[in-house]
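What follows is one structure encoded as structure tokens, with my remarks underneath.
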Amino acid sequence: MTEAFLSVRNLRVSYQVGRNFVHAVDGASFDIPKGSITGLVGESGCGKTTVARALTRVIADNATISGGQILFNGKDLARIPEKEMNALRWRDIAFIPQSAMNSLDPVYTVEYQLGEVLRRRGGMSRAQARKRSEELFDMVGIDPGRLTDYPHQFSGGMRQRVAIALALALDPKLIIADEPVTALDVIVQRQILDQLKELQTRLGLSVILVTHDISVVAYICDRTVVMYAGKVAESGSMQAALTAPSHPYTMGLRNAFPDLQGAASGVLTPIEGAPPNLANPPTGCRFKPRCPFALDLCGSEPPVVDVAPGHPVLCHRASESAALRIEAAKTETWMARA
Ligand SMILES: Nc1ncnc2c1ncn2[C@@H]1O[C@H](COP(=O)(O)OP(=O)(O)OP(=O)(O)O)[C@@H](O)[C@H]1O
Ligand SMILES: [Mg+2]
């Protein structure tokens with residue numbers, strides 16, 4: 001495995017709601033190697049955005065990083081002073097927020113918005129910012145002649161490209177993109193993902209791509225971190241975690257999404273039921289109520305089992321995964337649970 005340059009250890013993030021706490025991320029650990037595209041995937045509400053935001057410490061007012069470490073370039077991003085963290089944003093780690101294409105300011109031209117980052121954060125002159133903006137538009141495949149347009153003059157796909165250009169502005173080493181293609185149709189999704197992959201390879205970037213759609217991960221990522229109900233169910237290389245998944249949740253996700261390449265993928269089988277309420281999660285394995293392979297022992301906290309080097313799985317039955325995979329491929333396995 002290539003060198004890990006971001007290492008998340010036992011990360012905990014909670015939201016205070018009145019007198020209660022929602023433990024949105026409850027002990028997440030994973031590594032991001034240099035020059036990789038990692039898909040952070042899981043159902044709505046499992047904590048993906050919370051992890052992504054914690055990594056850049058752009059968290060909601062009622063959120064607290066209550067434990068764990070985020071090790072990056074020898075620093076623990078969970079602990080360094082805000083001033084130091086602020087110096088890393090855009091320059092080392094750039095974040096593309098969920099619905100970024102709708103968050104561009106409608107009253108300013110795109111050139112102005114790029115200029116804000118390039119001049120304020122990057123210390124560039126007006127002329128340097130102009131030149132870099134043209135370069136960035138070229139990189140994301142938009143005619144630089146359109147720099148003086150307002151966001152509403154672009155299509156959704158183009159606005160997403162502008163958001164990527166903004167993230168690339170100061171040449172960061174790591175880009176975290178939260179659901180960058182979710183609101184777009186499949187053809188535009190593929191164009192944007194292809195472009196992201198091309199830029200990642202050419203610039204030697206590391207990318208964390210947050211998505212609820214495992215087919216997006218299968219399409220461009222080389223690694224994945226699968227989250228379920230605030231915990232990491234499984235992580236590893238694409239081969240390890242998606243071709244041969246070892247957590248029943250990952251096996252179920254694979255059956256539930258169509259193939260982005262448009263290949264005939266047979267019948268789609270949803271995972272019946274809903275994830276638990278994170279304000280009051282059940283004890284033991286959180287996937288137990290929906291898992292077709294659950295046993296009594298799953299009522300106790302599952303261990304993290306390394307089914308192969310660099311492929312940890314949070315499941316009591318991880319050692320039986322080869323046999324479970326065969327069962328999980330059958331629609332009736334999941335229907336029996338309904
Ligand atoms: N500001 C907040 N206050 C209270 N709870 C929150 C807040 N933001 C998120 N949550 C809760 O934290 C959990 C994780 O939310 P998060 O947005 O990280 O999920 P997600 O995996 O990104 O979902 P989606 O795919 O819908 O974007 C959810 O239960 C959500 O309701
Ligand atoms: Mg989200």
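FYI, the numbering just counts along the sequence from 1. Order of appearance sets the numbers: ligands from 1, and atoms from 1 within every ligand.
- Within the 4.5 Å cutoff, the side chain of Val8 has no heavy atoms near those of the Ser29 side chain.
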Worksheet item: Does the pair Asp194 and Tyr219 meet the rule for a side-chain hydrogen bond (donor to acceptor under 3.5 Å, both in side chains), with working shown?
Response: CA-CA 9 Å; Asp194 288 345; Tyr219 187 63; 2.8 Å; yes

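- Within the set Val17, Thr50, Val22, the minimum heavy-atom distance to atom 16 (P) of ligand 1 is found for Thr50.
- For atom 7 (C) of ligand 1, a protein non-hydrogen atom is found at a distance below 4.0 Å.
- The parts of Lys48 lying near ligand 1 are both backbone and side chain, judged by heavy-atom distances below 4.0 Å.
- Residue contacts to the Mg ion (ligand 2): Gln98 brings an N, O or S atom closer than 2.8 Å.
- Looking only at protein heavy atoms, the nearest one to atom 14 (C) of ligand 1 is Gly45 O, 3.4 Å.
- Ring planes of Trp334 and Phe287: tilted class, angle from 30 to 60°.
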Practice prompt. Begin with the C-alpha distance, continue with both residues' side-chain angles, and end with the deciding distance and a verdict on side-chain hydrogen bond (donor to acceptor under 3.5 Å, both in side chains) for Asp31 and Ser7.
Written response: CA-CA 4 Å; Asp31 290 325; Ser7 206; 2.5 Å; yes

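- Contacts between Asp178 and ligand 1 below 4.0 angstrom, taking non-hydrogen atoms only, are absent altogether.
- Considering backbone and side-chain N/O of His212, none are found under 3.5 Å from N/O of ligand 1.
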Item to complete: For the pair Asp213 and Thr211, evaluate side-chain hydrogen bond (donor to acceptor under 3.5 Å, both in side chains) and give the outcome as yes or no after the intermediate values.
Response: CA-CA 5 Å; Asp213 185 344; Thr211 178; 5.4 Å; no

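- Checking atom 31 (O) of ligand 1 against the protein gives no heavy-atom contact under 4.0 Å.
- Here atom 26 (O) of ligand 1 lies nearest to Ser44 when heavy atoms of Gly42, Ser44, Ala54 are compared.
- No side-chain heavy atom of Lys288 sits less than 4.5 Å from a side-chain heavy atom of Pro282.
- Below 4.0 Å from some heavy atom of Ala24 lie the following atoms of ligand 1, by number and element: 12 (O), 13 (C), 14 (C).
- Side-chain N or O atoms of Arg290 include one that pairs as donor or acceptor with a backbone N or O of Ile271 at under 3.5 Å.
- Ring planes of His247 and Tyr249: perpendicular class, angle over 60° (limits at 30 and 60°).
- Shortest contact from atom 2 (C) of ligand 1 to any protein heavy atom: Tyr15 CD2, 3.4 Å.
- Neither the backbone nor the side chain of Val25 has a heavy atom within less than 4.0 Å of ligand 1.
- Which parts of ligand 1 touch Thr49 is read off a 4.0 Å heavy-atom cut-off, strictly below it: atoms 17 (O), 18 (O), 20 (P), 22 (O), 27 (O).
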Item to complete: Begin with the C-alpha distance, continue with both residues' side-chain angles, and end with the deciding distance and a verdict on side-chain hydrogen bond (donor to acceptor under 3.5 Å, both in side chains) for Tyr228 and Glu234.
Response: CA-CA 9 Å; Tyr228 186 77; Glu234 159 163 39; over 6 Å; no

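- Under the 6.0 Å distance and 45° angle rule, Arg146 counts as a cation-pi partner of Phe154.
- For a distance bound of 2.8 Å, the N, O or S atoms of Thr50 include none lying that close to the Mg ion (ligand 2).
- Evaluated for a side chain to side chain donor-acceptor pair (under 3.5 Å) with Tyr15, the options Thr50, Asn62, Thr64, Asn20 yield exactly one hit, Thr50.
- Heavy atoms of Gln98 found under 4.0 angstrom from ligand 1 belong exclusively to the side chain.
- Heavy-atom proximity to Asn62, at under 4.0 Å, picks out these atoms of ligand 1: 1 (N), 2 (C), 3 (N), 4 (C).
- For ligand 1, the polar-atom distance check against Cys46 finds a nitrogen or oxygen pair separated by under 3.5 Å.
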